[in-house]
Amino acid sequence: MSLQTADLTSTPHSSSTSLNTTLVEAPTPSQNPTLALEKYKKKDAAKVIVRFRAIGNAPILKQNLYKISASNKFQAVIQFLRKELNYKASEPLFLYINSAFSPAPDEIVANLVKMDI
Amino acid sequence: MTAPQNPITRAIWDGTLPIKFSLDGTEAAELGAKISVEPYFIEAPRCSYFPLLTSQIRKYFVDMALNFIGDDAEIWYDVDGIPLKWHYPIGLLFDLHTGYRPDSNSPPPLPWPVTVHFKNFPLDKLIRAQAIDATQDFFMSMIKEADFLRNGSTKKVMNLSKNDQTQLWDGLWSSSSQKYRTENYDRFWSVNYRLVINDGQSPRHIPLRIYLPDNCPVDVFIGNPLTLGEVLHQILPDLFPSPLPTENAFAAPVIHGVIPQLNIPIIWASQNLCYPDNFLHIVVLLGT
């Protein structure tokens with residue numbers, strides 16, 4: 001499906017008689033955006049490595065490095081850590097990215113990784 | 001430092017939405033409201049957050065014979081059955097949930113009908129606030145995140161005096177009252193100006209979030225092209241096949257209920273069109 005989309009959108013740009021090709025070959029706008037949305041909705045199968053570092057009086061983990069699917073929300077990381085530390089939902093736990101900021105739990109991990117440049 | 005006299009940021013700050021809050025029918029009966037309760041209307045600032053309206057909404061419904069003694073954090077809102085994420089600004093939620101295109105011929109769906117719930121907080125769909133000032137924490141986190149994106153570190157925000165940091169939040173939450181809108185605008189922008197203008201340095205990355213319809217994942221922006229059109233073309237090439245406006249465009253960006261021109265410089269947009277949390281929250285809507 002994504003290959004088809006690439007073909008359809010690249011045609012109008014290449015030809016010098018672009019006006020004609022646009023009228024004849026470009027798909028109707030109502031078809032393309034839905035295809036485009038489907039493509040963006042597809043979950044990124046890539047995995048991301050997360051390294052935990054305890055600060056303050058947070059307990060030290062036996063294992064620091066974990067892999068997680070990039071399409072997960074940050075909430076998944078928080079819940080995973082709570083389980084590893086055996087923390088109840090009522091006990092306060094704060095997670096910071098690069099000691100800088102605390103992302104909203106519904107931010108996608110893939111996006112947070114992109115920020116770390 | 002006084003806030004710069006910028007008519008655009010002022011117009012955004014002053015933007016409001018009339019909202020009609022109604023009780024959920026079955027809950028109302030369970031919580032002891034004997035007669036059907038009239039809805040409550042608020043002209044809410046687009047830049048504000050729902051939890052900041054909760055105490056006056058709660059007071060109204062309790063005065064109307066609703067027997068509720070729980071925490072403010074148990075109160076939540078939904079539109080057409082979809083719970084509203086309380087950590088998103090009200091204006092963003094409206095643009096996102098109504099999908100209303102300002103260039104369409106139909107009038108906007110105002111007042112915006114929102115259902116108030118006092119029970120059954122959907123823990124699977126919404127973040128439950130642990131503390132009363134959770135909204136403030138989320139807001140400051142967004143500001144730090146924006147600072148991090150712009151400068152590669154949160155030094156700027158962290159170096160603000162405690163008083164300045166409080167000015168940011170106080171300017172925003174107390175802006176719910178019409179009387180002090182100008183003072184609060186000045187309070188907020190006198191500090192925010194320093195964060196956003198960045199001493200004239202080009203930001204590393206632009207703090208930007210794109211929201212696609214049907215709950216598509218939100219996109220954060222990295223990189224530094226020149227115009228809004230180029231940004232959209234880079235991130236969503238299938239929806240924005242060209243960085244320039246085209247005749248048969250099938251998607252349009254909406255920010256603060258307005259469709260911006262694609263040729264506006266992205267840095268200018270980030271400084272002038274951002275929400276108080278320093279992010280450009282852009283909703284992409286389909287349709288011609």
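Lettering follows sequence order; numbering is per chain, from 1.
If you take CD1 on I210(B) and CG on N111(A), they are separated by 10.0 Å, rounding to the nearest 0.5 Å. For the atom pair CE (M142(B)) and CZ (F101(A)), the distance works out to 10.0 Å, reported to the nearest 0.5 Å. Rounded to the nearest 0.5 Å, atoms CD (E145(B)) and OG (S102(A)) are 9.5 Å apart. The CD1 atom of I97(A) sits 8.5 Å away from the CZ atom of F148(B) when rounded to the nearest 0.5 Å.
Annotation: K125(B), atom NZ; neighbour count of heavy atoms from other residues, nucleotides and ligands within 6.0 Å does not exceed 12. More than 12 non-hydrogen atoms from other residues, nucleotides or ligands lie less than 6.0 angstrom from CG of L123(B). Within 6.0 Å of CG on N57(A) lie no more than 12 heavy atoms contributed by other residues, nucleotides or ligands. Counting heavy atoms of neighbouring residues, nucleotides and ligands inside a 6.0 Å radius, atom NZ of K156(B) exceeds 12 of them. A 6.0 Å sphere centred on CD of E84(A) holds more than 12 heavy atoms belonging to other residues, nucleotides or ligands.
The nearest pair of heavy atoms linking F138(B) to P105(A) is CE2-CD, 3.5 Å.
When S141(B), A251(B), S153(B) are compared by the number of non-hydrogen pairs under 4.5 Å with chain A, S141(B) comes out ahead.
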